[in-house]
Protein chains: 2
Amino acid sequence: MRNNGFTEENQLSLLIWLRLVRVYENSNDLSNEFLKQFDLSVNQFDTLVQILIHQPVSQMEIAEHLTITKGGVSHMLGRLEKEELIERKQDWKVKYITLTEKGQTLIEKVLPLQSDFQASLFDPLTDEEKKVFYNMLKKIHRHSQDVNRLPRGVQ
Amino acid sequence: MRNNGFTEENQLSLLIWLRLVRVYENSNDLSNEFLKQFDLSVNQFDTLVQILIHQPVSQMEIAEHLTITKGGVSHMLGRLEKEELIERKQDWKVKYITLTEKGQTLIEKVLPLQSDFQASLFDPLTDEEKKVFYNMLKKIHRHSQDVNRLPRGVQ
DNA sequence: TCTCATCAGTATACTAGTAAACTTAAATTC
DNA sequence: GAATTTAAGTTTACTAGTATACTGATGAGA
């Protein structure tokens, strides 16, 4: 692989980024595969978890928790409603979302299994390393949110 | 937030996972926003970079590098071809992909800018911390690939 | 050499999201 | 209290990927 526009000082950071992307994609694929036995995708699972934690909850609030648009939530809930996992109840102007009996039972069964799996990804790290890793991630996250608020031209 | 199915030992690992997802999504959004000035998405950019590095290259090889399906590559290249950034040349059974003059010029301009940005995400870490972070990521990645090859029943 | 398997790439139907226009109800303001 | 603004949610058109069936060419075996 030739040096096509990569400067040396960037090299390590770019390797980190590529690796991080792979870890993310890999874990997501594994989770999707695992959840298939419950007829759920990762996104459906995440949505149900947010409803479990916050119910009764408006669609706008769900959108904020999941960082997707209200349109996306509307689509998603349409599918979950058709499978009778959630209910929408109009109260004044807002629709409040709750889990149905069926949805509650399902998510309470799946959540601990999926949590254990998600957590097991980090098994190769010691507890001490996990703390270090987490703190670094927090720094990176905070920094990326700052960038978010700055204009970024071609300098 | 009540304790809904989360065990205590998992807590830190789950926090890591949630944070990692946010960092990934956040950085992706920022990159997409940045690349918009060149009429590129992150995925188009990544594709062009792979072609730059490996050209001439078959569509199957591109699919492997990007970890998407050959169908996805076919769609993607259709779009890039329409914008005259790449060329497909049939040689025997295989189509070999190369950048056009226009594509080459564009990606050589954008790559260093985008690399600098991508790398700047990790600015809050010292060089020493970056090495530590990278090594942990490698461990996690290798572990997740092992999981990949094991059958995963309900625990 | 004919047939059959294989493999690169394409086409089609589907999933899941976004953006933006639209609907409807509530809140505000005159 | 009528008119306007605001906000929640829906709808539609669009983007980008997957899975799967298909096309067409290569290469191998009888």
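Small disclaimer: the values here were computed from a predicted structure and weren't measured.
Separating the CE atom of Met60(A) from the P atom of dT10(D) is a distance of 12 Å, rounded to the nearest angstrom. For Gln59(A) and dA8(D), the CD to P distance is 11 Å, given to the nearest whole Å. The CD1-C1' distance, from Ile68(A) to dA8(D), rounds to 15 Å in whole Å. The separation between Asn28(A) atom CG and dG17(D) atom P is 15 Å, rounded to whole Å. Atom CD of Gln44(B) and atom C1' of dG17(D) are 13 Å apart (whole Å). Regarding Met76(B), its CE atom lies at a distance of 9 Å from the C1' atom of dG17(D), rounded to whole Å.
On the nucleic acid side, DNA chain C has its first and last nucleotide under 4.0 Å of a heavy atom of chain B at dC7(C) to dT12(C), going 5' to 3'.
Side chain to side chain, Gln118(A) and Ser13(B) fail the donor-acceptor criterion of an N or O pair below 3.5 Å. A donor-acceptor contact closer than 3.5 angstrom links the side chains of His141(B) and Arg19(A). Residues Thr47(A) and Gln44(A) bring no donor and acceptor atom of their side chains to less than 3.5 Å of each other.
Below the 3.5 angstrom threshold, one finds no donor paired with an acceptor across the side chain of His75(A) and the base of dT11(D).
Close to dG9(D), at under 4.0 Å from its OP1 or OP2, lies no side-chain N or O of Ser74(A). Of the side-chain N and O atoms in Arg79(B), none sit less than 4.0 angstrom from OP1 or OP2 of dC14(D).
Among the heavy atoms of the strands lying under 4.0 Å from Lys70(A) is at least one base atom, whether or not backbone atoms are also near.
Residue-environment remark: CD (Glu25(A)) exceeds the threshold of 12 foreign heavy atoms within 6.0 Å. Lys109(A) NZ: 12 or fewer foreign heavy atoms inside a 6.0 Å radius.
A distance-only check finds a donor-acceptor pair linking the side chain of Asn32(A) to the backbone of Val42(A) [under 3.5 Å].
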